[in-house]
Amino acid sequence: MLYPLFKPLIFAFDAESAHGLSLAALRALLRRPHILQSPELRTEFAGLHFPGPVGLAPGYDKNAEIFTKAHGLGFGFVEIGTVTPLPQAGNPRPRLFRLVEDRAVINRMGFNNDGMEAVARRIAMADSAGRAVPLGINIGANKDSADRIADYEKAMARLAPLADYVTINISSPNTPGLRALQHKGALDDLLVRVKAAAPLGKPVFLKVAPDLEPADIDDIVASVIEHRIDALIISNTTVLRPTLRSHHAGEAGGLSGAPLRDLAQQRLIDFRKASGGEVSLIGVGGIASAEDAYARIRAGASLVQLYSALVYEGPYLARRINAGLVALLQRDGFASIGEAVGVDCK
Ligand SMILES: Cc1cc2nc3c(=O)[nH]c(=O)nc-3n(C[C@H](O)[C@H](O)[C@H](O)COP(=O)(O)O)c2cc1C
């Protein structure tokens, strides 16, 4: 793999410029995609067919610029966004930091995105051959909106017809007050209204923060079951700061990458226990290897996602994880990912 050669060059740019460059490179490259074809990795989930369990987490392709290329990198699904009804600029730069010594990232992007109309046009124009894997659209509220729940309703109504699934994101730490939608009363209001705006039968997922108390977890599980949400995505970035070595450690925002791994794994276990296996789970946070992905699956995740590790491991990480997962499944005598889901909780 060439990434170790290019990494110093990429790291010479600030983190946000490097991200822009990587998007441009992906748009230009990958004409001949790699097709995921290990039968062990195929997964049916929420009525959708996933050729592999490793997805590209939202935040990388916020504006649907390269989602048709994701399967060429080995991703079995891709989630774009967060998309808000109106375009918004996000927070002032710098707002994205590499914590190299910690293999981590801190971001306070603040839902910078082109808005739902521009994103919808881009998706509608993408060639259908590029939609080889399920497309999730992650939706959010504009920072200055007077009625945030109405923003989720609008984004759901506009974008769901273009998506294979929609994720309601109420867990970004960078839109002040957004995480309050995770609290019982607000969450029930939100889920009733946003589900009513979804086309019948469209899978709807909910993405939560790792920074939750046991009582919050019980409440969220009860709401998710009551409102028939199809899956919980655990988790977004953390506002906690475990011991970090990088000089960027004090930056405000959400922390992701290696220092989030154990916390996200623990929250997945907490949600699995609280739901007694009744709610489908997707694991995300600090996944950087096949072993990390496999541990999340064994703890109850039917699918996993990653973003930050791409910075350190390079664009073909998902392909390597897929190969590693096949070997781990064979080692343990499982014929498919589905057989391994939750085995550590039984
Ligand atoms: C720069 C950056 C931007 C992100 N933007 C979003 C976003 O818009 N919506 C969202 O739901 N999550 C967003 N995330 C969170 C990721 O999707 C993921 O939940 C989190 O980073 C943990 O996974 P990781 O450790 O593999 O990165 C963002 C993460 C990063 C690093």
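One-based numbering, in listed order, for ligands and for the atoms of each.
Looking at every heavy atom in both residues, Gly74 comes nearest to Arg319 through CA-CG, 3.9 Å. Nearest heavy-atom pair across Pro259 and Ser256 is CD-O, 4.1 Å. The minimum heavy-atom distance linking Arg98 with Ala18 is given by the pair NH1-CB, 3.8 Å. Contact detail for Leu96 and Ala15: the closest heavy-atom pair is O-CB, 3.5 Å.
Proximity to Gly257 (heavy-atom distance under 4.0 Å) selects the following atoms of ligand 1: 25 (O). For ligand 1, the atoms closer than 4.0 angstrom to any heavy atom of Asn169 are 9 (N), 10 (C), 11 (O). The distance from ligand 1 to the heavy atoms of Gly286 drops below 4.0 Å at these ligand atoms: 24 (P), 25 (O), 26 (O). Taking every non-hydrogen atom of Thr82 and a distance limit under 4.0 Å, the qualifying atoms of ligand 1 come out as 7 (C), 8 (O), 9 (N), 10 (C), 11 (O).
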**Request:** Test side-chain contact (heavy atoms from CB on, under 4.5 Å) on Val194 and Val166 and set out the steps.
**Result:** CA-CA 11 Å; Val194 182; Val166 177; over 6 Å; no
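Contacts between Arg261 and ligand 1, counted as non-hydrogen atom pairs separated by less than 4.0 Å, are absent for every part of the residue. Only the backbone of Ser235 comes within contact range of ligand 1, with a heavy atom under 4.0 Å; no side-chain atom does. Contacts with ligand 1 closer than 4.0 Å are made by heavy atoms of both the backbone and the side chain of Asn236. Residue-level proximity to ligand 1 for Leu96 is carried by the side chain, the only part with a heavy atom below 4.0 angstrom. Residue contacts with ligand 1, taken as heavy atom pairs separated by less than 4.0 Å, do not involve Glu79 at all. Residue contacts with ligand 1 for Val105 involve side-chain atoms from C-beta outward but no N, CA, C or O (heavy atoms, distance under 4.0 Å).
Side chain of Asp102 to main chain of Ala104: no donor-acceptor pair is present (N/O by atom type, distance under 3.5 Å, no hydrogens or angles).
The distance criterion of under 3.5 Å between nitrogen or oxygen atoms is not met by Asn107 with respect to ligand 1. Considering backbone and side-chain N/O atoms, Gln305 never comes within less than 3.5 Å of an N/O atom of ligand 1.
Ligand 1 is never approached by Ala309 to a heavy-atom distance shorter than 4.0 Å.
Side-chain polar atoms of Tyr294 and Ser289 form no donor-acceptor pair below 3.5 angstrom. For the residue pair Asn236 / Ser171, a side-chain donor-acceptor distance below 3.5 Å is found, with atom types taken as modelled.
Only one option out of Ile220, Leu191, Leu187 pairs with Ile170 in a side chain to side chain contact (heavy atoms under 4.5 Å, CB included); it is Leu187.
Note: Ser302 OG to Phe50 CZ = 9.5 Å, rounded to the nearest 0.5 Å.
The closest non-hydrogen atom to atom 11 (O) of ligand 1, taken over Thr237, Leu317, Asn138, Ile170, comes from Asn138.
Protein heavy atom closest to atom 14 (N) of ligand 1, with residue, atom name and distance, is Pro58 O, 3.4 Å.
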